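Each remark here refers to the structure printed beneath this line.
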Amino acid sequence: ENNVSPVAVIELLSKIAKVFKDYCGTLSEESIRKNFILLYELLDELLDYGYPQVTQTENLKAFVYNEPIVVAPVADTGKMINPKTASASAVHK
């Protein structure tokens with residue numbers, strides 16, 4: 001049995017995210033929903049029976065025929081605070 005290196009999996013996931021961003025402009029829930037068929041087609045070309053194939057955006061353009069639906073980028077969510085979440089400095093004694 002062969003185990004896959006965790007670093008290889010993380011690298012593949014980051015390349016998939018980069019390709020999605022290259023095609024859709026942004027990687028958000030809305031862009032994934034609106035471009036589902038395109039992203040499915042990209043995944044089909046990126047992976048073959050679970051093995052990575054072509055991961056460069058320029059090379060994929062020859063195989064992918066769907067056009068992306070442009071979605072406005074999501075505003076900076078780093079400042080959003082969930083009021084139900086306690087801060088890291090909150091300590092219960």
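Here the structure is a predicted model, which means the values were calculated and not measured. Scope of the values below: all heavy atoms of this structure, side chains included, with no hydrogens, waters or symmetry mates.
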Q | Backbone of S31 reached by a side-chain donor or acceptor of N35 within 3.5 Å | A | yes
Q. If we only count heavy atoms from C-beta on, is the Y51 to Q53 side-chain gap below 4.5 Å?
A. yes
**Q.** Distance in Å, Q56 CD paired with K61 NZ, rounded so as to fall on 0.5 Å steps
**A.** 12.5 Å
Q: Verify, without hydrogens or angle tests, whether E45 (side chain) and V64 (backbone) share a donor-acceptor contact under 3.5 angstrom.
A: no
Q | Spatial distance of atom CD (E41) from atom CG (L60) [nearest 0.5 Å] | A | 9.5 Å
Q | Considering all heavy atoms, the nearest N66-L38 contact | A | O-CD1, 3.5 Å
Q: Consider only side-chain heavy atoms of I, L, V, M, F, W and Y, link residues closer than 4.5 Å, and tell whether F20 and I69 are in one cluster.
A: no
Q: Could you tell me the separation between the CD atom of E58 and the CG atom of D22, rounded to the nearest 0.5 Å?
A: 8.5 Å
Q) Between Y23 and L42, which heavy-atom pair has the shortest distance, and what is it? A) CE1-CD2, 3.6 Å
Q: Would you indicate whether the side-chain heavy atoms of T55 and L46 approach each other to under 4.5 Å?
A: yes
Q) What's in the same ILVMFWY side-chain cluster as V9, cut-off under 4.5 Å, chained through other members? A) V4, L13
Q. Can you get from L43 to L27 by hopping between Ile, Leu, Val, Met, Phe, Trp and Tyr side chains that sit under 4.5 Å apart?
A. yes
Q | Straight-line distance of K21 NZ to S14 OG, nearest 0.5 Å | A | 10.0 Å
Q. For C24 and P68, which heavy atoms make the closest approach, and how far apart are they?
A. CA-CB, 4.5 Å
Q: Assess whether side chain to side chain contact (heavy atoms under 4.5 Å, CB included) is satisfied between L47 and L12, documenting all intermediate values.
A: CA-CA 10 Å; L47 300 169; L12 176 63; 3.8 Å; yes
